[in-house]
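Residues: numbered from 1 along the sequence shown. Ligands are counted one by one from 1 in listed order, and the atoms in each one are counted from 1 as well.
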Amino acid sequence: MSESGMFAKLRARLNKGDSWLTRDLSSLFTADKLSPDALEELETRLLMADAGVEATQWLIERLQSELNAGRIKNDKQLRAALKKALLELLEPIAKPLQMPGFIKPFILFVAGVNGVGKTTTIGKLAHYYKKAGKKVLLAAGDTFRAAAVEQLQTWAQRVDVPCLSQGEGADSASVIFDAVQSAKSRDFDLVIADTAGRLHTQSHLMDELRKIKRVVQKHDPYAPHEVLLVVDATTGGNALTQAIQFHEAIGLTGIAITKLDGTAKGGILLAIARRMALPVRFIGIGEGIDDLQPFDAAAYVDALIAE
Ligand SMILES: Nc1nc2c(ncn2[C@@H]2O[C@H](COP(=O)(O)OP(=O)(O)OP(=O)(O)O)[C@@H](O)[C@H]2O)c(=O)[nH]1
Ligand SMILES: [Mg+2]
């Protein structure tokens, strides 16, 4: 898809085209003056959209100082000030996933609680990297949930990449270990490993993820090269809590935020930016195979603050 095609889709999908941030911005003005409670109204919208207290305060302070300096006199200027502040917040976390060719195979773990969109994101990632010319292998490391393996296999068939599995109840670390082994001997560029979203308890889940990491490090002490946490934008503050918990337990290197199409919110990106220095690698904006985009702060802000 062309860059302009990708942008048009992003704008149409984010909050289904009706941005929580800019809806009725012009109503915040009377004549050529910002109404006294305009910033309060924006603050409320940011909080309601799950931007969190820290990011909200930070943004409002930036707007307040622009206002004090007399630089916000109409809704166009307000939009511009909002865009500038949002970019300042989001640019530092918009770091694309680098996959240098000399790391082979590149080992990418995908983690996250159940239902956030891990398996779907893996299908989309496989498609994305296959199109980029990489030889991709999937590893069905979610051996806990019934039907998880078949779900990944279905994606693998759709994308036309191989998927290694040992069936339900197998040892997850051993599935992923074997996949890496196989990728090495068959000259694959990238192994994407699915993992369980739920085990008997949360601490079992973290133990299992740590074990998978240890086992894979027998192949390559620097693996996994990316530990990508998938969070669901519609779960708001829970997504931030999950990111903090997984980061503490297994050490994350990046985040993918899904379902940004299905919500009138999406402020969770701002909360994550303000609270964690973790890169947001990809955003999910639908259920289809092409509905994943590398996170681009400028495009995101432009799509959100529609004119
Ligand atoms: N609208 C929308 N739906 C999504 C997106 N990503 C995933 N989904 C849907 O979310 C649901 C759960 O996705 P899965 O990929 O099965 O989630 P999972 O994290 O693998 O779930 P478990 O394996 O149970 O832990 C599916 O119905 C997906 O189609 C997205 O970006 N937008
Ligand atoms: Mg899954």
Side-chain angles (χ1 to χ4, degrees), residues 1 6 9-18 50 108-128 138-159 163-170 172 175-176 179 192-202 204-206 208-209 212 227-236 238-239 242-243 245-246 250 252 254-266 268-269 272 280-296 299-300 303-304:
M1 200 183 292
M6 271 175 65
K9 181 172 176 176
L10 179 63
R11 177 169 279 183
R13 295 281 173 87
L14 275 189
N15 317 310
K16 300 283 182 214
D18 187 9
D50 303 321
L108 195 170
F109 280 10
V110 177
V113 304
N114 64 299
V116 289
K118 289 180 298 298
T119 306
T120 308
T121 300
I122 292 171
K124 295 170 178 175
L125 283 171
H127 178 63
Y128 179 84
L138 303 186
D142 180 358
T143 53
F144 185 74
R145 184 171 66 79
V149 173
E150 291 92 289
Q151 193 192 349
L152 191 68
Q153 280 167 341
T154 304
W155 270 104
Q157 277 161 16
R158 217 169 137 192
V159 178
C163 174
L164 286 195
S165 65
Q166 293 173 7
E168 202 188 314
S172 180
V175 174
I176 296 172
I192 310 179
D194 198 5
T195 60
R198 179 169 44 196
L199 286 186
H200 306 283
T201 66
Q202 181 83 351
H204 270 98
L205 180 64
M206 298 303 177
E208 167 131 312
L209 290 167
I212 299 172
V227 181
L228 185 72
L229 182 76
V230 179
V231 295
D232 172 344
T234 64
T235 65
N238 281 337
Q242 288 156 20
Q245 282 171 351
F246 275 81
I250 56 165
L252 303 173
I255 295 184
I257 302 182
T258 60
K259 310 187 197 181
L260 277 167
D261 54 308
T263 168
K265 297 181 166 187
I268 191 58
L269 244 162
I272 287 176
V280 172
R281 307 290 199 191
F282 290 95
I283 55 175
I285 51 169
E287 295 184 271
I289 196 165
D290 274 313
D291 295 335
L292 184 79
Q293 298 189 354
F295 178 57
D296 173 334
Y300 184 81
L304 197 60

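Near Asp142, the atoms of ligand 1 lying under 4.0 angstrom from a non-hydrogen atom of the residue are 23 (O). Counting the atoms of ligand 1 from 1 in the order shown, those under 4.0 Å from a heavy atom of Gly284 are 31 (O). Set against the non-hydrogen atoms of Lys124, the atoms of ligand 1 under 4.0 Å away are 6 (N), 30 (C), 31 (O). For ligand 1, the atoms sitting less than 4.0 Å from at least one non-hydrogen atom of Ile285 are 31 (O), numbered in the order shown with element in parentheses. If you number the atoms of ligand 1 from 1 as listed, the ones under 4.0 Å from a heavy atom of Asn114 come out as 24 (O), 25 (O).
Using a cut-off of 2.8 Å, one finds that Thr120 contributes no N/O/S atom close to the Mg ion (ligand 2).
In this structure, Thr235 contributes its side chain and Asn238 its backbone to no donor-acceptor pair below 3.5 Å.
Residue contacts with ligand 1, taken as heavy atom pairs separated by less than 4.0 Å, do not involve Arg13 at all.
Heavy atoms of Gly112 stay at 4.0 angstrom or farther from ligand 1. Remark: distances from the non-hydrogen atoms of Asp291 to ligand 1 are all 4.0 Å or more. The shortest separation from a heavy atom of Gly286 to ligand 1 is under 4.0 Å, placing the residue in contact.
The nearest protein atom to atom 12 (C) of ligand 1, hydrogens excluded, is given as Gly115 O, 3.6 Å; this is a heavy-atom distance. Of all protein heavy atoms, the one lying nearest to atom 25 (O) of ligand 1 is Lys118 NZ, 2.8 Å. Regarding atom 29 (O) of ligand 1, its nearest protein heavy-atom neighbour is Glu287 OE2, 2.5 Å. Given atom 17 (O) of ligand 1, the protein heavy atom at minimum distance is Gly117 N, 3.0 Å.
Aromatic ring centres of Phe295 and Phe282 lie farther apart than the 6.0 Å criterion allows.
Between the side chains of Asp232 and Thr258, not a single donor N or O lies within less than 3.5 Å of an accepting N or O. Judged by distance alone, the side chains of Thr143 and Gln166 never bring a donor and an acceptor atom under 3.5 Å apart.
Between Leu260 and ligand 1, not a single N/O pair is under 3.5 Å apart.
Pairing each heavy atom of Gln293 with each of Leu10, the nearest pair is OE1-CB, 3.7 Å. A pairwise comparison of heavy atoms in Leu138 and Ala156 identifies CD1-CB, 4.0 Å as the closest pair. In terms of heavy atoms, Asp142 sits closest to Gly197 at OD2-N, 4.3 Å.
Of the candidates Arg145, Gln151, Lys259, it is Arg145 that places a heavy atom closest to atom 23 (O) of ligand 1. Taking all heavy atoms of Ile122, Thr120, Asp261 into account, the minimum distance to atom 32 (N) of ligand 1 is reached by Asp261.
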